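Note that the structure is predicted; figures quoted are calculated from it, not measured. Below, read A as the first sequence line, B as the second, and so on, with proteins coming before strands; counting in each chain starts at 1.
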Amino acid sequence: MIQAQKGTKDILPEEVSDWQKMENIAKKVFSKANFKEIRTPIFEATELFARGVGDSTDIVNKEMYTFEKSERSLTLRPENTAGVVRAYIEHGFSRLPQPVKLWYKGPMFRYERPQAGRQRQFHQVGVEMFGSAEPSADAEVINLAVKYLNELGLNDLDIEINSLGCPECRKKYREAIKEVLKPYLKDLCEDCNFRYEKNPLRILDCKVESCKKIFEKEEIQKVILGDFICEDCKEHFDKVKEYLTALNIPYKINKLLVRGLDYYNRTVFEIKSNNLGSQNAVCGGGRYDSLVETLGGVPTPAVGWAMGMERLNSLIEKTADERLDVFVISENLAETFKIIDELRNAGFSAEFDYANRKFKKQIDKAAKTAKYALILMADELKSNTVTLKNLDTSEQINVSRTDYLDKIN
RNA sequence: GCGGGUGUCGUCAAGUGGUUAAGACCUCGGAUUGUGGUUCCGAUAUACAUGGGUUCGAAUCCCAUCAUCCGCCCCA
């Protein structure tokens with residue numbers, strides 16, 4: 001028996017309405033802010049991700065689905081920012097009035113060990129805003145994320161923000177961390193030692209108790225809490241915070257929030273839920289002012305975020321299955337087809353018993369699946385009427401074939 | 001890549017060395033043939049993940065493999 005591949009899932013009929021809800025609300029919320037949907041290909045040149053996402057990241061190093069076809073190296077997209085940036089450049093969006101505001105949804109692929117809230121094929125919905133370096137763009141984008149979540153009925157969320165500063169600030173910060181941690185390296189865990197070389201900013205949110213203890217030391221705390229970002233970056237960050245406050249968006253500053261993709265600078269943020277298990281981030285994003293240039297476009301500041309739709313899905317309230325409007329009960333399939341057609345053309349959902357079983361079976365089925373039973377047996381046919389039964393109230397009326405449609409609601 | 005849990009019918013689930021391997025839901029049929037979702041009766045199935053072992057005997061013990069779940073790493 002061939003099964004769905006590890007880390008992939010079928011979205012079953014009874015789940016589809018939840019996914020449509022996520023998609024419809026996305027469209028509604030984002031278009032109100034004049035964000036336009038963009039759909040980019042599922043696979044791209046491998047190099048796009050190597051350069052865009054960054055080849056020091058795990059995503060690029062060990063999680064990409066890469067394959068060769070006619071001497072090209074292709075990769076199933078592990079995220080969509082790089083693809084959207086590529087499209088922005090390729091179609092000369094820099095000549096459009098800025099900012100250019102885009103949103104997307106769709107499947108992404110990462111080769112990882114599946115666990116709660118993590119699959120190999122998963123779906124993201126995200127927004128990207130190009131061409132504005134203003135802190136108002138950061139705030140707008142965060143605002144949209146919060147709006148979207150609220151519209152989905154999610155209110156109990158932790159919004160964390162941080163500023164990584166510009167490349168210069170970040171370098172200073174990195175050096176300072178390495179400096180202060182150096183004496184403790186031998187006491188830190190293996191992962192921390194690895195991070196020390198690869199991504200020192202990341203080291204501080206280690207979950208190993210013995211490491212955490214070390215980080216509590218005064219001189220380390222001083223570095224963590226110290227302000228390494230330059231005046232410009234600080235001003236930018238202050239503005240973002242000011243706007244969020246004006247928007248009534250409760251946020252927490254998390255100095256340890258770093259994010260794993262190489263392209264971020266200045267504002268980064270995450271939205272978390274406590275109901276997700278260990279993969280608790282439902283949204284992550286930030287500013288990426290150098291990515292467009294890195295990928296060969298004219299220098300263009302940008303900011304955006306992505307949400308994991310599977311994680312969203314596990315948080316939202318499940319929608320109940322829609323009941324059928326009308327179930328037609330009859331012993332004459334030719335007549336049934338006529339009336340079914342009328343019903344459907346009038347906008348009602350309608351079904352009947354293809355096997356033309358006995359009356360009792362049919363009404364049984366109707367009661368289980370529909371709001372109305374429309375009875376069209378010999379008597380009705382003879383008098384050119386139909387019997388319409390409201391299955392909730394058990395009320396039953398006999399109406400003429402010509403105006404029964406008005407009696408359904 | 002590393003660590004841990006779990007694998008019995010479509011679903012849930014009993015069973016811990018000797019059973020025809022319970023039960024429930026779902027599905028289907030019936031309860032004197034035009035009125036239901038409650039009830040009653042009945043039917044259906046190649047269900048013990050796979051392959052090895054231990055044993056007179058294994059769903060039950062051991063090993064391996066696979067799958068799945070949870071955690072680490074990382075991320076949405």
Q: Output yes when at least one side-chain N/O atom of S278(A) is less than 4.0 Å from OP1 or OP2 of C72(B), else no.
A: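 Checking C72(B) against S278(A), a side-chain N or O does come within under 4.0 Å of OP1 or OP2.
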Q: Classify G126(A) by what it touches in the nucleic acid, base, sugar-phosphate, or nothing, heavy-atom distance under 4.0 Å.
A: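 Contact class for G126(A): none.
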Q: Side chain of R113(A) only, please: which of G3(B), G34(B), G29(B) is the nearest?
A: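 Shortest atom-to-atom distance from the side chain points to G3(B).
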Q: Using atom P of each nucleotide, how far apart are A14(B) and U55(B) to the nearest Å?
A: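 After rounding to an integer number of Å, I get 31 Å for this pair.
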Q: What is the separation between atom CG on D353(A) and atom P on G34(B), rounded to the nearest whole Å?
A: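 That distance rounds to 14 Å.
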Q: Mind checking the C1' distance from U8(B) to A24(B)? Whole angstroms is fine.
A: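 The answer is 15 Å between these two C1' atoms.
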Q: Rounding to the closest angstrom, what is the interatomic distance between C28(B) and C9(B) at atom C1'?
A: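 Per the computed distance, 16 Å lies between those C1' atoms.
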Q: Can you build the contact string for nucleotides 36-41 of chain B? Use B for base contact, S for sugar-phosphate-only contact, and - for no protein heavy atom under 4.0 Å.
A: BB----
Q: When you check the phosphate oxygens OP1 and OP2 of G29(B), does a side-chain N or O of R357(A) lie under 4.0 Å from one of them?
A: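 It does, given that an N or O in the side chain of R357(A) lies less than 4.0 Å from OP1 or OP2 of G29(B).
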Q: Could you tell me how far apart K6(A) (NZ) and U65(B) (C1') are, to the nearest whole angstrom?
A: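 Atom-to-atom, K6(A) to U65(B), this comes out as 12 Å.
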Q: Whole angstroms only, please: what is the CD-C1' distance between Q3(A) and U65(B)?
A: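 That distance rounds to 14 Å.
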Q: Taking NZ, NE, NH1 and NH2 as the nitrogens, is one of them in K105(A) or E37(A) under 4.0 Å from a carboxylate oxygen of the other?
A: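 So K105(A) pairs with E37(A) through a salt bridge.
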Q: In whole angstrom, give the distance that lies between atom CZ of F109(A) and atom C1' of C75(B).
A: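 For the pair F109(A) CZ and C75(B) C1', the rounded distance is 16 Å.
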Q: On RNA chain B, compare the nucleotides closest to M377(A) and R118(A); which residue's is nearer the 5' end?
A: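 Per heavy-atom nearest nucleotide, the more 5' residue is M377(A).
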Q: Go through the N and O atoms of the side chain of E63(A) and the base of G1(B), and report whether any donor-acceptor pair is under 3.5 Å.
A: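 A donor-acceptor contact between them is absent.
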Q: Does the C75(B) base have a donor-acceptor partner in the side chain of R311(A) within less than 3.5 Å?
A: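 Under the 3.5 Å cut-off, the side chain and the base do form a donor-acceptor pair.
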Q: Look up atom OG1 in T267(A) and atom CG in D138(A), then write down how far apart they are to the nearest 0.5 Å.
A: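 Answer for the OG1-CG pair, T267(A) versus D138(A), is 3.5 Å.
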Q: Is the distance between the ring centroids of F352(A) and Y354(A) under 6.0 Å?
A: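 Yes, the ring centres sit under 6.0 Å apart.
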Q: Between U33(B) and A21(B), how far apart are the two P atoms, rounded to whole Å?
A: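 Nearest-Å result for U33(B) against A21(B) at atom P: 41 Å.
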Q: With hydrogens left out and only the distance checked, is there a donor-acceptor pair under 3.5 Å joining Q362(A)'s side chain and the base of U35(B)?
A: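 Per atom types, no contact qualifies.
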Q: Report, as yes or no, whether the 6.0 Å neighbourhood of atom CD on E219(A) holds more than 12 heavy atoms from other residues, nucleotides or ligands.
A: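 Yes - once you tally the heavy atoms of other residues, nucleotides and ligands closer than 6.0 Å, there are more than 12.
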Q: For D58(A) and C75(B), what is the distance between atoms CG and P respectively, to the nearest whole Å?
A: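 Taking CG of D58(A) and P of C75(B), I get 6 Å after rounding.
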Q: Does the separation of the ring centres of F30(A) and Y148(A) fall below 6.0 angstrom?
A: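 Centroid separation for F30(A) and Y148(A): below 6.0 Å.
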Q: Would you state whether a donor and an acceptor, one from the side chain of R202(A) and one from the base of C74(B), lie under 3.5 Å apart?
A: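 Looking at the base of C74(B), it does not pair with any donor or acceptor on the side chain of R202(A) (distance under 3.5 Å).
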Q: Just distance, no hydrogens or angles: give the donor-acceptor pairs under 3.5 Å from side chains in residues 123-131 of chain A, sequence neighbours left out.
A:
residue : atom : partner : partner atom : Å
H123(A) : ND1  : E310(A) : OE2          : 2.8
E128(A) : OE1  : Y288(A) : OH           : 2.4
E128(A) : OE2  : T81(A)  : OG1          : 2.7

Q: By nearest atom, which of the nucleotides C70(B), G29(B), U35(B) is closest to the K361(A) side chain?
A: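 Nearest to the side chain of K361(A) among the choices is G29(B).
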Q: On a plain distance test, is the side chain of E112(A) in donor-acceptor contact with the base of C73(B) below 3.5 Å?
A: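 No such pair is found, so the answer is no.
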Q: In plain terms, say whether D364(A) and K368(A) are close enough for a salt bridge, that is, a side-chain N and a carboxylate O under 4.0 Å apart.
A: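 Answer for the salt bridge query: yes.
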Q: Mind calculating the distance between CZ (F194(A)) and P (C73(B)) to the nearest angstrom?
A: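 Answer to the nearest Å: 13 Å.
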Q: Expressed in angstrom and rounded to an integer, what is the separation of Q119(A) atom CD from U68(B) atom P?
A: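 Taking CD of Q119(A) and P of U68(B), I get 11 Å after rounding.
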Q: Quick one: does S330(A)'s side chain have a donor or acceptor within less than 3.5 Å of a partner on M377(A)'s backbone?
A: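 Judged by distance alone, no pair lies under 3.5 Å.
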Q: Cationic tip of K241(A) within the cone over Y251(A)'s six-membered ring, i.e. under 6.0 Å and within 45° of the normal?
A: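 No, K241(A) and Y251(A) do not form such a contact.
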Q: Taking the C1' atom in each of A22(B) and A45(B), what is the distance between them to the nearest angstrom?
A: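 Pairwise C1' distance, A22(B) against A45(B), rounds to 16 Å.
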Q: With a cut-off of less than 4.0 Å, is there a side-chain N or O of Q115(A) near OP1 or OP2 of G71(B)?
A: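 True: Q115(A) side-chain N/O within range (under 4.0 Å) of G71(B) OP1/OP2.
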Q: Whole angstrom is fine here: how far is it from CG in N398(A) over to P in U35(B)?
A: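 Interatomic distance, CG of N398(A) to P of U35(B): 16 Å.
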Q: Any idea which of G34(B), A67(B), G30(B) is nearest the I375(A) side chain?
A: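 In terms of side-chain proximity for I375(A), the closest of G34(B), A67(B), G30(B) is G34(B).
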Q: Dot-bracket, 5' to 3', for RNA chain B please: Watson-Crick or G-U pairs under 3.5 Å, [ ] where pairs cross earlier ones, | where the partner sits on another strand, dots elsewhere.
A: ((((((((.[[[..)..(....]]].(((((.......))))).....[[[[[..)....]]]]])))))))....
Q: Using the P atoms only, state how far G34(B) lies from U27(B), rounded to an integer number of Å.
A: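 Per the computed distance, 22 Å lies between those P atoms.
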Q: Does K21(A), at its NZ atom, have more than 12 non-hydrogen atoms belonging to other residues, nucleotides or ligands within less than 6.0 Å?
A: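 Yes, NZ of K21(A) has more than 12 neighbouring heavy atoms, counting only those of other groups under 6.0 Å.
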Q: How is Q279(A) classified with respect to the nucleic acid when contacts are heavy atoms under 4.0 Å: base, sugar-phosphate, or nothing?
A: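 Contact class for Q279(A): base.
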Q: May I ask you to check if R120(A) and Y111(A) form a cation-pi contact, with NZ or CZ under 6.0 angstrom from the six-membered ring centre and within 45° of the axis?
A: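 Output yes; distance and angle both within limits.
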